[in-house]
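All heavy atoms count here, side chains included; hydrogens, waters and symmetry mates do not.
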Amino acid sequence: MVREFEPVLPPYRIKVVEPIAFLDAKQRREAIEAAGYNPFNLRADQITIDLLSDSGTGATSDAQEGAAALGDESYAGARSWFRFHDEVTDLTGYPFILPVHQGRAGERVLFGSLLKPGQICLSNTHFDTTHANVELVGAQARDLPCPEAADLDSAEPFKGNIDLAALERALAGPNGGRVGLVLMTITNNGLGAQPVSMANLRATSELCRRHRVPFFLDAARFAENAWLVHTREPEYRDWTPRRIATAAFQYADGCVVSLKKDGLSAVGGFIGLRDRQLHAACEANLIATEGFSTYGGLAGHDLERLARGLREVVDPAYLRARAASTARLARLINEAGVDTVQPAGIHALYLNAGRLLPHLSPERFPGHSLGCQLYLDGGIRCAELGSLYLGTLDDEHRLVTPAPFELVRLAIPRRVYTDTHLEYVAATLADIAKDPERVTGYRIVSAPPLLRHFKVRLEPVSAGT
Ligand code: F0G
């Protein structure tokens, strides 16, 4: 028998399970209305499939849980710290490692010591908390995505790259002296989960060295970036994902990493550094705000889970199966008539809601509308990445400048959902795609001035109003 698609087996089976909720249509309508039509306000027990984030939502392994029992909770110099430290040092090659409880804590500590007010931080794309932490120290965050990223449908393999020509112009231009940091996000979460090539990392590293600007990685998804390099960049076909990840870290002067993603654990993060003085400054800040430098806000059992997670996440069999599962979901969704940002990444798929719902103008937030419909129809929770999140509003909360695209992110937790769960997501979307005009738009009722999408409240708007 010739099979169209070979099944790719995950290298594990399920040992502990957690029940999920099945609300009926009336209960879902009441739940989302009470949540002000903002999925962030829903309770977890009102959700059937939760694709809001891949952060801290993965399943741990029996080996991780066994190791957690060995957690050494000594205040300083715990055995668990040394296990974590040695694993991170081996992976990254950096001489200085500082633990933090999650990525944004690392950003705050690092930028507080590295950036000065008035300086500029350049990136392929800053994640939202990263952007906020750059601006909180009085510096400016500027994104320089490569031009290929603007075409959502093109199959270019490395649409997460930084625009090298723009970077060179910025570094050599009149404001070049103000650039205090170049930060590469791997993979590029703000731009469709697209990877960054090793060639782009190497060229960025050389440019930064020439202009004497520190080059750091925001490496929250270092393992999936390594897998996509392995499969898409011919030079690295024979390299293991772990070796590719280490080589990527070696191009940079340091890194800030949320381990809630590729650490395969619910909490955690670290800062990796080469510079002794910068390490001393960050360490002082860390001790004052996060915890002593051998635990950084983490418990010993967290450090143990992370030390194992960092090994498990670079297992080629795990990465191959995860990539295949996401690609399969993308294919099912595309076959149902819903476009996704191409090519499919690993940790998330981005639905092109603007194209699916042309009857909704950006003022009616088509991405948000599609997200609400997925909850109303299937109890599926996801996040908008469109004008609600990125557009500018006037004082009456009316949209002034729309976002360039109206997207919805389906983030896929690690080792949590089976392909059957994901088929259900595709089937729910297929039903919407059969009659997209039934999807209503929304208007904002109230919104906070900062990080709007987390706390905004909305109401549905019937057609024509
Ligand atoms: N950098 C990137 C690229 C991220 O995606 C995130 C978090 C962070 C930094 C911050 O890390 O959450 O540990 O403080 N992303 C999550 C998401 C929240 O859903 O994409 P954190």
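Q194 places no side-chain N or O within 3.5 Å of a backbone atom of A149 that could act as its donor or acceptor partner. Between the side chain of Q140 and the main chain of Q119, no donor-acceptor pair closer than 3.5 Å is present. Remark: side-chain polar atoms of N38 are paired, donor with acceptor, to backbone N or O of H453 under 3.5 angstrom. A donor-acceptor pair under 3.5 Å is absent between the side-chain atoms of N124 and the main chain of N161, judged by distance alone. In terms of modelled atom types and a separation under 3.5 Å, the side chain of T204 and the main chain of N200 share a donor-acceptor contact. For S293 (side chain) and L286 (main-chain N/O), no donor-acceptor pair under 3.5 Å exists by modelled atom type. Side chain of D218 to main chain of M184: no donor-acceptor pair is present (N/O by atom type, distance under 3.5 Å, no hydrogens or angles).
Using the six-membered ring where Trp is involved, H279 and F96 have ring planes that are parallel, under 30° apart on the 30 and 60° scheme. Note: F40 and F454 have perpendicular aromatic rings, judged against thresholds of 30 and 60 degrees for the angle between ring planes.
Ion pairing between E304 and R83 holds under the 4.0 Å rule for side-chain N and carboxylate O.
Aromatic rings from H368 and Y442 are positioned such that their centres are separated by under 6.0 Å. The ring of Y295 has its center closer than 6.0 angstrom to the ring center of Y75.
The minimum heavy-atom distance between P214 and L114, with the atom names listed, is CG-CD1, 4.2 Å.
Not counting sequence neighbours, the partners of R209 by the side chain to side chain contact (heavy atoms under 4.5 Å, CB included) test are S205.
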Please walk me through it: do T246 and D90 pass side chain to side chain contact (heavy atoms under 4.5 Å, CB included)? CA-CA 8 Å; T246 303; D90 196 52; over 6 Å; no
